[in-house]
There are 2 protein chains.
Amino acid sequence: MSETIEQALERAAPGLSDRLRKAIAARASRVRVHDGHRLFGPGDRSENFLIALSGAVRVEHMGPSGRSVVLYRVAPGESCVMTTSCLLSGAAYEAYGYAEGEVEAIAVPAVAFRELVEQEAAFRDLALSVFSQRIIELVDVIDELLLHRVDLRLASWLADRAPAGGVIAATHQSIASELGTAREVVSRILKEFERRGWLKLTRGEIRVADPGSLQVFSATR
Amino acid sequence: MSETIEQALERAAPGLSDRLRKAIAARASRVRVHDGHRLFGPGDRSENFLIALSGAVRVEHMGPSGRSVVLYRVAPGESCVMTTSCLLSGAAYEAYGYAEGEVEAIAVPAVAFRELVEQEAAFRDLALSVFSQRIIELVDVIDELLLHRVDLRLASWLADRAPAGGVIAATHQSIASELGTAREVVSRILKEFERRGWLKLTRGEIRVADPGSLQVFSATR
DNA sequence: TGCCGTCAGTGACGTCGTCACGCTCAGCGC
DNA sequence: GCGCTGAGCGTGACGACGTCACTGACGGCA
């Protein structure tokens with residue numbers, strides 16, 4: 001590992017001041033997690049404030065039945081609010097965190113987190129602004145779950161990540177958790193889209209033939 | 001108004017230090033809102049950090065169809081995170097805030113909020129801990145909406161606020177938005193509960209005859 | 001007394017989650 | 001090659017729930 005924590009931070013969060021990067025680097029340790037691996041799960045206690053450097057962390061909530069929803073993703077330069085919430089309130093996680101891609105992150109222990117909050121205005125702003133952002137995103141998730149039809153949400157999800165004729169690698173199950181619904185529902189709707197000629201289904205991947213129609217469909221209410 | 005802002009703060013938030021109360025009082029103004037009145041709604045811009053002193057603020061999200069869910073309630077001594085989020089991110093509200101009871105609150109302008117965050121450690125802790133708490137509560141709301149049956153949630157809601165033979169004053173519509181469902185659904189389920197002898201329905205109120213059975217029922221999955 | 005707005009009851013229907021299957025396609029050992 | 005196994009997918013039946021469209025019941029209020 002030739003790159004220092006400070007250099008990694010500069011790459012991931014160019015907005016921070018040199019001073020703050022130094023301050024964080026002095027207190028943090030480095031964490032690496034491989035693609036698909038779990039970072040935390042329900043019942044775990046949070047002991048560190050996390051800032052992602054590369055890769056992303058998918059945070060999802062799961063109920064006893066096994067159904068799950070993606071709450072948000074932590075991008076490089078961002079911190080994970082579930083972790084921070086649990087750190088501050090002492091509560092156990094109610095969500096899973098999974099690595100997407102090779103994840104590097106820095107971990108700031110609770111005490112050091114408090115120090116940084118005390119001493120570094122930019123760090124306070126970082127923490128508060130990420131909280132603000134996530135609150136709004138969580139309300140969006142509630143809005144989606146509560147008020148929008150699954151077929152429209154699925155169409156929109158597909159249109160968003162289909163580079164015109166592109167292939168999306170995902171199982172129906174993974175899409176179902178993404179949207180907070182059941183696999184069978186995703187299968188049925190995808191089949192219907194295929195009948196309409198908007199895409200082709202093969203095992204483990206979806207070839208989007210007509211992203212335009214998906215887009216239009218997702219906008220009909 | 002004989003009571004000063006400082007005295008009101010002491011009553012509502014006895015945990016704060018004298019110093020912090022003084023600091024807040026020096027920068028804040030006072031707000032009064034009558035029962036049922038709206039404090040904010042979608043599209044409004046947030047210009048103040050709010051701390052409730054008495055009464056409660058019900059924060060609910062509403063979709064275009066008119067269906068709504070209660071996201072959380074702001075109790076005396078707490079601040080409203082939607083307000084804070086919007087203040088910090090500059091985004092417009094996506095939720096409604098309604099007074100429950102006669103609400104008194106103090107409003108701290110954005111600039112003064114930043115000053116307090118800078119200078120008062122206890123204020124930072126207050127802001128961060130309320131954020132933490134709400135994040136966890138919002139995830140609970142998602143969990144409820146996504147994974148629990150309406151009849152069980154309704155039974156639990158009734159059992160929670162029925163003082164054994166007590167009367168709950170609420171319209172079916174208000175209960176529906178409390179739980180994020182539709183009025184008709186609430187009506188049907190309540191009717192079923194009445195058939196089972198657990199309660200009596202009259203216009204605008206519900207007489208709970210058997211909170212025990214409701215409790216038991218709500219625990220069956 | 002009649003008008004009107006709010007609240008509640010009800011049936012029909014469509015969407016969606018759940019359950020219970022059965023099928024297909026790798027990969028792997030033999 | 002053959003069969004085994006597990007992951008991924010297709011499908012029908014059914015129940016829960018949201019939506020729509022109406023109806024009636026009750027309480028002010030002119």
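Chain naming here is simple, since letters A, B, ... match the order of the sequence lines and numbering starts at 1 in each.
- Qualifying salt bridge (charged side-chain N to carboxylate O under 4.0 Å, His left out) partners for A/Glu60, counting only residues two or more places apart in sequence or in other chains: A/Arg58.
- Residue pairs that meet the salt bridge (charged side-chain N to carboxylate O under 4.0 Å, His left out) test with at least one member in residues 173-183 of chain B, sequence neighbours left out, are B/Arg73-B/Glu178.
- Whole-Å rounding puts the B/Glu144 CD to D/dC17 C1' distance at 16 Å.
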Using atom types as modelled, flag every donor-acceptor pair under 3.5 Å from a side chain in residues 198-205 of chain A to any protein atom, sequence neighbours excluded.
| unit_1 | atom_1 | unit_2 | atom_2 | d |
| --- | --- | --- | --- | --- |
| A/Thr202 | OG1 | A/Glu205 | O | 3.4 |
| A/Glu205 | OE2 | A/Arg207 | NH2 | 3.0 |

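- Taking atom CG of residue B/Leu179 and atom C1' of nucleotide D/dG18, one finds them 14 Å apart after rounding to whole Å.
- For the pair A/Ile206 CD1 and D/dC9 C1', the interatomic distance rounds to 12 Å; values are reported in whole Å.
- Residues B/Thr181 and A/Glu194 each lie close to DNA chain D; by heavy-atom proximity, the contact nearer the 5' end of the strand is made by A/Glu194.
- Contact check, B/Arg67 against D/dT19: a side-chain N or O comes under 4.0 Å of OP1 or OP2.
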Could you give the side-chain donor-acceptor pairs of residues 45-56 of chain B under 3.5 Å, partners two or more places apart or in another chain?
| unit_1 | atom_1 | unit_2 | atom_2 | d |
| --- | --- | --- | --- | --- |
| B/Arg45 | NH1 | B/Gly90 | O | 2.4 |
| B/Ser46 | OG | B/Thr83 | O | 3.0 |
| B/Ser54 | OG | B/Glu104 | OE1 | 3.3 |

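- Across A/Tyr96 and A/Gly41, no two heavy atoms sit closer than the pair CD2-CA, 4.1 Å.
- Rounded to whole angstrom, the span from the CD1 atom of A/Ile189 across to the P atom of D/dG10 amounts to 13 Å.
- Within 3.5 Å, no donor on the side chain of A/Glu184 pairs with an acceptor on the base of D/dC9, nor the reverse.
- To the nearest angstrom, P of D/dG8 lies 15 Å from CG of A/Leu190.
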Give every donor-acceptor pair under 3.5 Å between a side-chain atom in residues 136-148 of chain B and any protein atom, sequence neighbours left out.
| unit_1 | atom_1 | unit_2 | atom_2 | d |
| --- | --- | --- | --- | --- |
| B/Glu137 | OE1 | B/Arg134 | NH1 | 3.1 |
| B/Glu137 | OE2 | B/Arg134 | NH1 | 3.2 |
| B/Asp143 | OD1 | B/His148 | NE2 | 3.0 |
| B/Asp143 | OD2 | A/His61 | NE2 | 2.5 |

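- Taking a heavy-atom distance under 4.0 Å as the criterion, the stretch of DNA chain C touched by chain B extends 5' to 3' from C/dG5 to C/dA12.
- A/Gly197 and A/Asp210 get closest at one heavy-atom pair: O-CB, 4.4 Å.
- Ranked by how close their nearest DNA chain D nucleotide is to the 5' end, A/Lys191 and A/Leu147 are led by A/Lys191.
- Partners of B/Trp157 by ring-ring contact (aromatic ring centres under 6.0 Å, His included), not counting sequence neighbours: none found.
- Residues meeting the salt bridge (charged side-chain N to carboxylate O under 4.0 Å, His left out) test with B/Arg188, sequence neighbours left out: none.
- Phosphate proximity of D/dG10 to A/His172: present, with a side-chain N or O under 4.0 Å from OP1 or OP2.
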Contact list (N/O, under 3.5 angstrom) for nucleotides 23-28 of chain D vs protein:
| unit_1 | atom_1 | unit_2 | atom_2 | d |
| --- | --- | --- | --- | --- |
| D/dC26 | O2 | B/Arg203 | NH2 | 3.3 |

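- When distances run from any side-chain atom of A/Arg188 to the nucleotides D/dC9, D/dA13, D/dG18, the shortest one goes to D/dA13.
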